[in-house]
Amino acid sequence: MAYELIEVRTEAGKVGIVTLNRPKQLNALNNQLMDELGAALKSFDADPAIGCMIITGSEKAFAAGADIGAMASWSFKDVYKDDYITRNWETIRGIRKPVIAAVSGFALGGGCELTMMCDFIIAADNAKFGQPEIKLGIIPGAGGTQRLPRAIGKAKAMDMALTGRMMDAAEAERSGLVSRVVPLDKLMDEALAAALVICEFSQIAVMAAKESVNRAFETGLSDGVMFERRMFHALFATADQKEGMDAFVNKRKAQFRNE
Ligand code: CO8
C-alpha cells in the first residue's frame, strides 16, 4: 500500500516506525490517515523480523485530534449508520506486538486517545495532552472517557473531559499517563532504545506480557491473575524459556529464537 499521510520506516531491521505526516493540519486524523496507520501497523505485526513499533508525529503535534473540518458537516446518520469515522479506529487494539507512542507537541482529542491505545507513552518535555471535545459540543469518541480514568483516575479525567484543559508532560508523568518524559531532542532516541530492548526478548513472552497487562483492564483481579498464571505456565512450553533460563544459569546472553 502506498502511504500519503504517514511515513513508514524500519530501524535496525527490527523496529517499525510510523510517523504521522499531515504537518499543516497538525496531524489531524482523518479516515485515510487512520486506514494507512492501521495497514502499516498490521503489516509490521505480521513481519517476523519486527519486534516492536513506534508511532510518532511532528515536533509541534503528535496529533491535534480528529479532523474537525471533515467532521463539521456530518450528521448522525453519517457517523452512526454509515460509520464515517469509527470504522478504523480500533485497528491498533488488535496489534499483538508492542506499540510505543513517542509524543511531542499536541496530543489532543483523538490524538490523545490514539496515544492511550498504544502500550505506553514516552513524552517529550513539550508534550501536551487533552480531551477538548467538550469545546466542540461533543465528547471523546475513541475511548477517551474510558482509558483516561483508567490511566489517571476519575478526578483528573473528569477535569480534563469537562473543562477541556490541557495537561503538560510533567503533569502527565505525575498522573501516570506517560511512562517517561525526555528532552524533545532525545525523544526518538529514547523511544528507539526502549523498542530495541524489547526486540531483544522472546517475541512470544513479549506478546504474552502485553496480553496479560491488557487483561487487567478487562477483568476482575482473580480472573486476571488466573489468566496470567495460565500464560505463565504456557511459556514453559517454549524453547525461549529454556534458552532464557539456561543463559542465566550459564552466565551468557540469551539468544531468543521466538519459538
Ligand atoms: N482538525 C483539523 N484541523 C486542525 C485540527 C483538527 N483537530 N487541529 C488543528 N488544525 C489545523 C488548524 O485549523 C490550522 O489550519 P490552517 O492553518 O489551515 O488554519 C492548523 O492546523 C494549525 O492550527 P492552529 O493555527 O490552530 O495552531 P495553534 O498553534 O494556534 O493551535 C491547537 C494549536 C491548540 C492544537 C489548535 O489547533 C486546536 O485547538 N486544535 C483543535 C484541537 C481539538 O479540538 N481536537 C479535538 C478534535 S475532536 C476529536 O478529536 C474527536 C475524536 C473522536 C474520535 C472518534 C473515533 C471513533
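Heavy-atom basis, side chains included; hydrogens, waters and symmetry copies ignored. Counting convention: from 1, in listed order, for ligands and their atoms alike.
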Polar pairs, ligand 1 vs protein, N/O only, below 3.5 Å.
from     : atom 1 : to     : atom 2 : distance (Å)
ligand 1 : 1 (N)  : Ala66  : O      : 3.4
ligand 1 : 1 (N)  : Ile68  : N      : 2.9
ligand 1 : 7 (N)  : Ala64  : O      : 3.0
ligand 1 : 7 (N)  : Ala66  : O      : 2.9
ligand 1 : 21 (O) : Lys24  : O      : 3.3
ligand 1 : 29 (O) : Lys60  : NZ     : 2.8
ligand 1 : 45 (N) : Ala64  : O      : 2.9
ligand 1 : 50 (O) : Ala66  : N      : 2.8
ligand 1 : 50 (O) : Gly110 : N      : 2.8

Check whether Asn250 reaches the backbone of Arg252 with its side chain - one donor and one acceptor, N or O, closer than 3.5 Å.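 Not a single qualifying donor-acceptor pair exists.
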Determine which pairs satisfy ring pair (Phe, Tyr, Trp, His ring centres under 6.0 Å) with at least one residue from [range], sequence neighbours left out, and list them in order.
range: residues 97-143; value: none
range: residues 191-230; value: none
range: residues 50-80; value: Trp74-Tyr84, Phe76-Tyr80

Taking only Lys NZ, Arg NE, NH1 and NH2, and the carboxylate oxygens of Asp or Glu, determine whether Arg22 and Glu36 approach each other closer than 4.0 Å.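 Between Glu36 and Arg22 there is no salt bridge, as every charged N stays at least 4.0 Å from the carboxylate O atoms.
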I'd like to know if Lys242 and Glu259 make a salt bridge, using a cut-off of under 4.0 Å between side-chain N and carboxylate O. no
